[in-house]
**Q** 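There's a structure below that I have some questions on.
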Amino acid sequence: MEYNFKEIEKKWQQYWAKNKTFVAVNPSPPEKAGVRPKFYVLDMFPYPSGAGLHVGHPLGYIASDIYARYKRLKGFNVLHPMGFDAFGLPAEQYAIQTGQHPAITTEQNISRYREQLDNLGLSFDWDREVRTSDPAYYKWTQWIFLKLFNSWYNEETGKTEPLNTLEEKFKSQKLKVKSETANKNWSDLNEKERSDVLMDYRLAYLSEAYVNWCPALGTVLANDEVKDGVSERGGYPVEKKKMKQWSMRITAFADRLLNDLEGIDWSESIKEQQRNWIGKSVGVELKFRLIPSPSPMKKGTNSVSAHEKYKYETAEKSFWPLLKLYSKENRKNLTDAEKIIWEAVRDSKLGYKIRRQHPINIFIADFVCLDKRLVIEIDGDIHDHQKEYDEERTLLLNGEGFSIIRFTNNEAINHTEEVIQKIRNELSAGASPFPSETGLGDEACIDIFTTRPDTIFGVSYMTLAPEHELVDKITTDSQRAAVQNYILETKNRSDRERMAEVKRISGVFTGAYAIHPFTGKQIPVWVGDYVLAGYGTGAVMAVPAHDSRDYAFATHFNLPKPQVIQPKTEWDFSTSSYDEKEGTCINSDFLNGLHVKDAIKKAIDEIEKRGLGTRQINYRLRDAVFGRQRYWGEPIPIYYENGIPKAVDEKDLPVILPEVDKYLPTEDGEPPLARANNWKYRPHPQTPSKEEGSSFPLETTTMPGWAGSSWYYLRYMDAHNEKEFVSKDAVQYWQDVDLYIGGSEHATGHLLYVRFWTKALYDLGLIPVIEPAKKLINQGMIQGRSNFVYRIKDTNKFVSKNLKANYDTNTSNVDVNIVEDDVLDLDKFRQWREENANAEFILEDGKYICGAEVEKMSKSKWNVVNPDDMIEKYGADCLRLYEMFLGPLELSKPWNTNGISGTSNFIRKLWRLYHQKHVGNKQLAVGNEQPIRSEDINQAPLHFSKFHVSDEAPSKKELKSLHKLIKKVTDDIERFSFNTSVSNFMICVNELTDLKCDKRAILDTLAILVSPYAPHVAEELWNLLGHSESVTYAGWPEFKEEFLAEDSFAYPISINGKTKLNLEISLALNKDEIEKEVMSSEEVKKFFHGQLPKKVIVVPGRIVNIVV
RNA sequence: GCGGGCGUGGCGAAAUUGGCAGACGCACUAGACUUAGGAUCUAGCGCCUCACGGCAUGUGGGUUCGAGUCCCUCCGCCCGCACCA
């Protein structure tokens, strides 16, 4: 008999299906003694696209299958399920084009996938198959949605809790009702108001927010579904749009999602991507007060108390204690000039109360009349050369609503009368207006977030995002036109353009100034689109010397760049900013001399002490938009009673996806579900506050693709449970996924959402684990290898690759399936396309050699290799071995069919090992077994006769070869090094072939070892060896060290680190004895060139190195 | 720009703790068996050299008796994030 993989593979696939070989058992009760330990191996389930699988897809499935089969042999109760992520856009797009129901397309695609998966001989437990589009499945997706809808995140306990614990807090007034209804008690709120308040807390919530709107797909998308400003699926442009949307409060879990990464064995790159995506930054949120603009923007409506407050409490709050001290001190030490003036104005001698050394903002004014908002300053010499200082002071005092007159010391002392007259005139001229009547009053602050409070003294301007709400309020009249123009301009530029124009710097001055909280300096406030509205507070303090973006902006607009950090090494500030968190603070008042890291701490402490701001943690992570304006997804189980969103009763789940006439939005732009007849819900009569008999409109958006995949790993544990999403017993036994294999492209999507849902379900006491998967492996991408042909322009002649330089040619892709080893099959090429029917060729060495290049595998590049074709030609075992043999699992690599003959040969060699041996055609076995000749490679003849093993005891060499293999393959599988085990199989089979091994004791074990990789041929051989049961549970062989034991070892003898010869020395000898033996060798002595060796290093069992 | 990974023959790659670099396979070369070979078998196959021998793991340096492996410098490639304050 010959090895006929087609027959044999089919036979065993049918056997496995019939005998349910791979069914995992749910022990009942789970704690039952003697039960096998569990092991859960999961593949990321596929979205069944119309294109079917290509050779890249099975890579992960084969790897996980090998591991699952290995674990079964090791005695584990292995859960290795598969299913389909069946909701999604492509089926719906297809439905829109053709009118065919997406369920039909999906069903067809699934059967094709199933067939392809079956052909690979994967050991899935199909009894547990799940499909996210199956109502029996999405019933529970909806159920989980409702759990999240009815839960909130309690920051105090750090846990998801049912909503009633929140309501308790409101009722007992432990928690104040947020925002617009701030002055009300919970008990005063009506139903709508309560619903609105709770909506701000629910984990699944409805809110008005800017979302990624994709007009071409007619739906919103989550952040991870947008790449480079276009939709991940289809590549359509995406814009920001304000819409009412369902979202998931994943941000509440940001810190746990970040911290729990520590405890799981996932690749560093995935963890890093998640950390990046979560984007935690620790810093401080800090207020900069604004200088009210001279022209009133807004008439204040201040109460009397505010007026009074403004009248007397003129000092900057945070500086008050210090200023109070200084002013007291100053009063004791008045200058002569000040004494003279004080005597003239004190006790209301001028008809107004004048105060001396009165703090205003952060300064102390020499004299002030609060009623008339007049400051009188007597300048010392210092002011002559500190003009800037005065200007700043004037601006600030003006900002506080004071007018100011200045006199010199000389004037005060020698022309006292004139000075007093001037003061009298000013006082009678009428008061300056109060700031509260002109500007923005108390709330006139810009909140900023910074991680670098140590650079606070380097602030030279501030920038607001164009969307910042203060922009309009603070802009001065003179700048208004320019600012409005700018905002309009940035609005019209989509995010994509903004991103594409990274290098373009734009912005505009608002005309407004803020006050530096420490120096009191005035700081111009700008608007710039390099500041993002969505992050932090949408405003930044700009430190051009130490932030590259601020630097670019400041350079462009010629703003100052004061340096406040001294780098450790030379730094050229004329070309770039110094952003590193290294160096010492300079020009920074109380921070001077401190190292950056200490300065950050100190600055935050100081900011908090002075009440200027608070420690703050910001995340880049946004809440995940959950609603989709699409048809082919899970309906969101919410209805609207008088505009209040309410949960559909659990008893009424699932809310079945309705039939619609078209899969398009309605004429009014409503999602497709709005087309459904009577898309209404009639609440259960016994639920409170429902009018009997009335029905209410249901939510028309559907869930996103990631909803169903965020918990599917749990459903596999108990796939047919109709009462629960998963039973307590099942999840208690299976716990979590032990090994999860899938693509790294889900790093910030699925893999984050599934962790999020797991944590929420854990908090609610529904599952016992906080992470879905202990270990994650990302298989590398298999790239395509494209082939090219070169057509001479304006002819139907094609020239071979190495001759094309002589011609003017057009290069085009050619189907790689009609090319072998880069040699084009000319006949197939002529048939491939009509226009090639008369193609002529210019050949080299009688062949047409194609060009080749590594590209992504895609239909348009004609480089897709279909696993079915490979299986047809070489068999599933061969494809499995070859995919593993290509290289390390996690590495991306190009597919190259050329090498597959290696593994194909191996399988045949393996097969022959179990059959009567001969060499070539000469030593044919006696009998009828003639070599079968065939024109067709697919039925390649194999030169063996009948199955044959002997029951003789195996030789030492045979045992050694086998046990070497046991050890290596066991190690290899444990560390997922599948490529090396294939090598090791080859080595062992080669060795046993050389030894002409036919011993049952060896071949029995070999079949088991090979079975995870090439299960069909292993089953067949196992069966031929006389076993009636499948090899699946045969038990993994035990490695025995004793069979590897050697008496002697061929020591490599190296002279000065270079190996010169090998010397067979007994392993029983110790270091000294080995040295003696080596040194006495004539062969070794040759290399000494008469000199005596300086040093001899002996590592027993490994090497001898002699230094000459 | 930031973060992660990587760099070894013509090609895919191996070297698990610092110990004979290139296992295993593809391709290639020669031979055997053959009516035939895209089957099978035997041998060869990093580079330079007739050879002795020398040089080789992206570059340059260091540690070490000994470095693909550890440390530093630079160069290149891949992936992710990208105005995140």
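Hydrogens, waters and symmetry mates play no part in the numbers below; they use all other heavy atoms, side chains included.
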**Q** According to the Watson-Crick and G-U wobble definitions, with both distances under 3.5 Å, which nucleotide is paired to B/C50?
**A** none
**Q** Rounded to whole angstrom units, what separation is found between the CG atom of A/Asp550 and the P atom of B/A85?
**A**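 These atoms are roughly 12 Å apart.
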**Q** Using only side-chain N and O atoms of A/Asn984, determine if any of them is under 4.0 Å from OP1 or OP2 of B/C24.
**A**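 No, no such contact exists.
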**Q** From the options A/Val1104, A/Ile1097, A/Val1098, select the one residue that forms a side chain to side chain contact (heavy atoms under 4.5 Å, CB included) with A/Lys1071.
**A**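 Considering A/Val1104, A/Ile1097, A/Val1098, a side chain to side chain contact (heavy atoms under 4.5 Å, CB included) with A/Lys1071 is found only for A/Val1098.
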**Q** Examine B/C79: is either OP1 or OP2 under 4.0 Å from a nitrogen or oxygen in the side chain of A/Asn778? Give yes or no.
**A** no
**Q** When you check the phosphate oxygens OP1 and OP2 of B/A85, does a side-chain N or O of A/Ser281 lie under 4.0 Å from one of them?
**A**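 Yes, A/Ser281 has a side-chain N/O under 4.0 Å of OP1/OP2 on B/A85.
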**Q** Do the side-chain N or O atoms of A/Arg785 get closer than 4.0 angstrom to the phosphate oxygens (OP1, OP2) of B/G12?
**A**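 Answer no for this pair, as no side-chain N or O of A/Arg785 is under 4.0 Å from OP1 or OP2.
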**Q** Considering only NZ, NE, NH1 and NH2 on the basic side and carboxylate oxygens on the acidic side, decide whether A/Glu285 and A/Arg615 come within less than 4.0 Å.
**A**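 No, no charged N to carboxylate O under 4.0 Å.
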**Q** Over all strands shown, is A/Asn618 touching base, sugar-phosphate only, or nothing at heavy-atom distances under 4.0 angstrom?
**A**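 Nothing, no nucleic acid heavy atom in range.
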**Q** Report yes if some heavy atom in the side chain of A/Asn863 is under 4.5 Å from a heavy atom in the side chain of A/Met857; otherwise report no.
**A**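 With C-beta onward as the side chain, the pair touches.
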**Q** Does A/Gly742 offer a backbone N or O that forms a donor-acceptor pair with the side chain of A/Asn778 under 3.5 Å?
**A**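 Yes; at least one donor-acceptor contact below 3.5 Å.
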**Q** Check the angle between the aromatic planes of A/Phe553 and A/Tyr530 and answer parallel, tilted or perpendicular using the 30° and 60° thresholds.
**A**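 Correct class here is tilted.
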**Q** Tell me, which pairs form a salt bridge (charged side-chain N to carboxylate O under 4.0 Å, His left out) where one or both residues lie in residues 880-901 of chain A, sequence neighbours left out?
**A** A/Asp65-A/Arg880
**Q** Both A/Ser977 and A/Leu886 contact RNA chain B. Taking the nearest nucleotide for each, which residue is further toward the 5' end?
**A**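 It is A/Leu886 whose nearest nucleotide is closer to the 5' end.
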**Q** Pick one: which of A/Ile782, A/Ile900, A/Asn979 meets side chain to side chain contact (heavy atoms under 4.5 Å, CB included) with A/Leu886?
**A**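 Single pass found, and it is A/Ile782.
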**Q** Between B/A85 atom P and A/Tyr619 atom OH, what is the distance in whole Å?
**A**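 About 13 Å, once rounded to whole Å.
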**Q** Using a heavy-atom cut-off of 4.0 Å across all strands, would you classify A/Pro888 as base, sugar-phosphate, or nothing?
**A** sugar-phosphate
**Q** Return the nucleotide paired to B/C2: Watson-Crick means purine N1 to pyrimidine N3 with N6-O4 or O6-N4, wobble means G-U with N1-O2 and O6-N3, both under 3.5 Å.
**A**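 For B/C2, the partner nucleotide comes out as B/G80, under the 3.5 Å rule.
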**Q** Given that A/Gly899 and A/Arg975 both sit by RNA chain B, which one's nearest nucleotide is further toward the 5' end?
**A**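 That would be A/Arg975.
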**Q** Could a donor-acceptor pair under 3.5 angstrom be found where the side chain of A/Ser983 meets the base of B/A23?
**A** yes
**Q** Taking only N/O atoms, report every protein-nucleotides 62-68 of chain B pair under 3.5 Å with atom names and distance.
**A**
unit_1, atom_1, unit_2, atom_2, d
B/C65, O2', A/Asn1105, ND2, 3.2
B/C65, O2, A/Asn1105, ND2, 2.6

**Q** May I ask which nucleotide in the shown strands pairs with B/G31, Watson-Crick or G-U wobble, both distances under 3.5 Å?
**A**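 For B/G31, the partner nucleotide comes out as B/C41, under the 3.5 Å rule.
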**Q** Taking atom types as modelled, find out whether A/Tyr486 and A/Ser506 have a side-chain donor-acceptor pair closer than 3.5 angstrom.
**A**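 A/Ser506 and A/Tyr486 do have a side-chain donor-acceptor pair below 3.5 Å.
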**Q** Does B/U40 have its OP1 or OP2 closer than 4.0 Å to a side-chain nitrogen or oxygen of A/Asn905?
**A**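 Answer yes for this pair, as a side-chain N or O of A/Asn905 is under 4.0 Å from OP1 or OP2.
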**Q** Provide a list of protein-nucleic acid N or O atom pairs under 3.5 angstrom, restricted to nucleotides 1-10 of chain B.
**A**
unit_1, atom_1, unit_2, atom_2, d
B/G3, O2', A/Glu272, OE2, 3.1

**Q** With both distances under 3.5 Å as the test, what is the Watson-Crick or G-U wobble partner of B/C74?
**A** B/G58
**Q** Using atom C1' of each nucleotide, how far apart are B/G53 and B/U64 to the nearest Å?
**A**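 Nearest-Å result for B/G53 against B/U64 at atom C1': 26 Å.
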**Q** Taking the six-membered ring for Trp, are A/Trp526 and A/Phe557 parallel (under 30°), tilted (30 to 60°) or perpendicular (over 60°)?
**A** tilted
**Q** Looking at A/Lys280, I'd like to know if its NZ atom is crowded, meaning that more than 12 non-hydrogen atoms belonging to other residues, nucleotides or ligands lie closer than 6.0 Å.
**A** yes
